[in-house]
Amino acid sequence: MCGIVGYIGNKDAKEILLTGLERLEYRGYDSAGIYVMDKEGQGHLFKEKGRIAALRDKVDVSVDSTAGIGHTRWATHGVPSVINAHPHQSSSSRFTLVHNGVIENYHEVKDAFLEDSQLKSDTDTEVIVHLVAWYVEEEELTTLDAFRKAIVGLKGSYALALIDNEEPDVIYAAKNKSPLLLGTGEGFNVICSDAMAMIKETDQFIELMDGEVAVLTRNSITLENLAGEEISRDPYTAELDATDLEKGMYPFYMLKEIDEQPAVIRRIIQKYQDENEKLHLNSEVLDVITECDRIYIVAAGTSNHAGWIGKQLIEKIAHIPTEVHVASEFGYNMPILSDNPLFVFISQSGETADSRQVLVKVKEMGYKSLTITNVAGSTLSREADHTLLLHAGPEIAVASTKAYTAQIAVLAILSEVVGKAKGFTHESDMIQDLGIAANAIQSIVDNKEHIEQLASEYLSISRNAFYIGRSMDYYVSQEAALKLKEISYVQTEGFAAGELKHGTIALIEEGTPVIAIVTVESVAGHTRGNLQETQARGAHTMVMAMEGLDRPGDQIVIPRVNPLLSALVSVIPTQLLAYYCSLHRGNDVDKPRNLAKSVTVE
Ligand code: F6R
């Protein structure tokens, strides 16, 4: 949430910052701003409410700048507005700062130090820049010492970049909990929340760690801890293909990412095969899973929904009892744990603060952890004992699609390899089954027109909708409902089909869309019965059934796959329904209101 960038070099800083912010827009798009230094050492501040495109229109193209910092905001403290947009400045405008994160003690800082300062915004951020100025002015510290002293007094999460007008050839940076990378190149250096932002400039990045301060000039990066002791760290090469970040011919990233799913599943199969083309896991990961007596999956949103499918797979194939928990609840309300638990964090971004607070706690308790993520080097990956990567390629649309199916595919492989290692065998071949699922997804995405028509017919004017199912189909219903509500704003519930009649069926009115997912043979008849009950009360019903369980008149028939993998396929029409519903309503499909992709605040 919120993205920050910085550049110091010889090229046009404002253009590099704006392009970087466009790449980070997924982290928030309530407002944006840049501060650039021109060649005469003069600073220029540009801020605008809304998207980066609006900021671009406001930036004076004639400013010849070679250093600067920028920010795209997801509002936490204070409404989206120009005043609350970053960068923020000290009273004299000597210091300018951008911040990603939340300062929990900003009231206390203000009361203790800044009674006489004129703060303009409602943000938690503004106190930081005033505090740096206060230390410089009142205690006559250098900017570096003042910056260090200011952050020692902060509680909360932050990634920060600071410019002092009196040192136009320096950018200061620091972090705690929120991610920050330093990119290096010939005659320039950069700062960014995510390598994606600066991959056009460099693929060489240094991770800044919590409790460290960085000083960047055109030709150097110096890292220090909070005691001022120098630290050395080599850069790594970011394995990001700049072309993966383009939309190409697609109108929206979400559609591109839906279409990429067959290729992602095939890539995952390849990545988890050994030289004998057998599925395998790194031996340390395999040991830690086979030795645990219970798995606790902790995740948020779509990743949590993938966790529920993972539970089915792990319990049915690897026979390890598995619990699934919502990250924001688990850390503050822990159940009684087993003797030898393994914590599995599922996270597309690897940055979700709700999941991270649980990871920090379970590490303190001495438990083992595994992160399943799309982003190598992300916070959850670095901080957990082990990582399994999704290999889904960058997911840019805020609504997660390919990461969800990738998570399920990786969980299926994990279950298969662990099950085998524990001596459980079964008839089917997971590589083949995943390949069949990839082909099934392909055939659905190749026939989108039918689903677009259904979206018009069922969802064009409705204010609410239901997905219902049982067993695996219930878990997919929850994901399907989340997708529809987050991008189309149709209030949708994903409901256990049998539970409707215990109260919620009261919400069914003439025309309410109710979509039943039917892929589990043992409960198919029951689900259809529950759908009938809603139809009898006026619902506009749709059935999405797996081949073999379909009946004449069903609106969507999905190809038959191993029932354990049905979620991989049944979720695809629901992603497309959400996409077309949002598109037909004229929404910004990739950037739905009020949301951001990487949720780095609790
Ligand atoms: C919905 C969506 C979110 C994320 C959730 C967790 O489409 O993407 O619900 O799944 O914010 O994010 P990650 O997976 O990055 O931990």
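We count ligands from 1, going down the list as the structure has it; atoms in each ligand are counted the same way.
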Query raised in the report: Which residue supplies the protein heavy atom nearest to atom 8 (O) of ligand 1, what is that atom called, and how far is it?
Result: Ser400 CB, 3.3 Å
**Report entry** Residue, atom name and distance, where the atom is the protein heavy atom closest to atom 11 (O) of ligand 1
**Finding:** Val599 CG2, 3.8 Å
**Report entry** N-O pairing of Glu25 and Lys591 below 4.0 Å
**Finding:** yes
Report task. Answer yes or no for Lys361 and Phe330: cation-pi contact, defined as NZ/CZ to six-membered ring centre under 6.0 Å and angle to ring axis within 45°. Result -> no
Report summary line: Checking heavy atoms under 4.0 Å, the part of Thr302 that sits near ligand 1 is both
Query raised in the report: So which protein heavy atom does atom 6 (C) of ligand 1 come closest to, and at what separation?
Result: Ala300 O, 3.4 Å
Requested in this report: Please write down residue, atom name and distance for the protein heavy atom closest to atom 1 (C) of ligand 1.
Outcome: Glu486 OE2, 3.0 Å
Query raised in the report: Do side-chain atoms of Ser582 reach the backbone of Ile487 as a donor and acceptor pair under 3.5 angstrom?
Result: yes
Report task. Answer yes or no: is there an ion pair linking Glu207 with Arg382, defined by an N-O contact shorter than 4.0 Å? Result -> yes
Query raised in the report: Going by an N to O cut-off under 4.0 Å, is there a salt bridge joining Lys597 and Glu395?
Result: yes
**Report entry** Interfacing atoms of ligand 1 (cut-off 4.0 Å, heavy-atom, Ser347)
**Finding:** 13 (P), 14 (O), 15 (O), 16 (O)
Query raised in the report: Where is the nearest protein heavy atom to atom 14 (O) of ligand 1: which residue, which atom, and how far?
Result: Ser303 OG, 2.5 Å
Query raised in the report: Relative to the heavy atoms of Ala399, which atoms of ligand 1 are at a distance of less than 4.0 Å?
Result: 7 (O)
Query raised in the report: Thinking salt bridges, do Glu383 and Lys363 make one under a 4.0 Å N-O criterion?
Result: no
Query raised in the report: Of the protein's non-hydrogen atoms, which lies at the shortest distance from atom 15 (O) of ligand 1, and what is that distance?
Result: Ser349 OG, 2.6 Å
Query raised in the report: For ligand 1, is His305 a contact, meaning one of its heavy atoms is under 4.0 Å away?
Result: no
Requested in this report: Considering the heavy atoms of Lys483, write down every atom of ligand 1 situated less than 4.0 Å from one of them.
Outcome: 1 (C), 7 (O)
Query raised in the report: Between the side chains of Thr302 and Glu479, is a donor N or O closer than 3.5 angstrom to an acceptor N or O?
Result: yes
Query raised in the report: Charged N to carboxylate O below 4.0 Å: is that the case for Glu246 and Arg23?
Result: yes
Report task. For ligand 1, note which part of Val398 has a heavy atom under 4.0 Å away: side chain, backbone, both or neither. Result -> backbone
Query raised in the report: For ligand 1, is any non-hydrogen atom under 4.0 Å from Glu351's backbone (N, CA, C, O), its side chain (CB onward), both, or neither?
Result: neither
Requested in this report: For the pair Asp259 and Lys448, find out whether any cationic side-chain nitrogen is under 4.0 Å from an anionic carboxylate oxygen.
Outcome: yes
**Report entry** N or O contact, Thr352 vs ligand 1, cut-off under 3.5 Å
**Finding:** yes
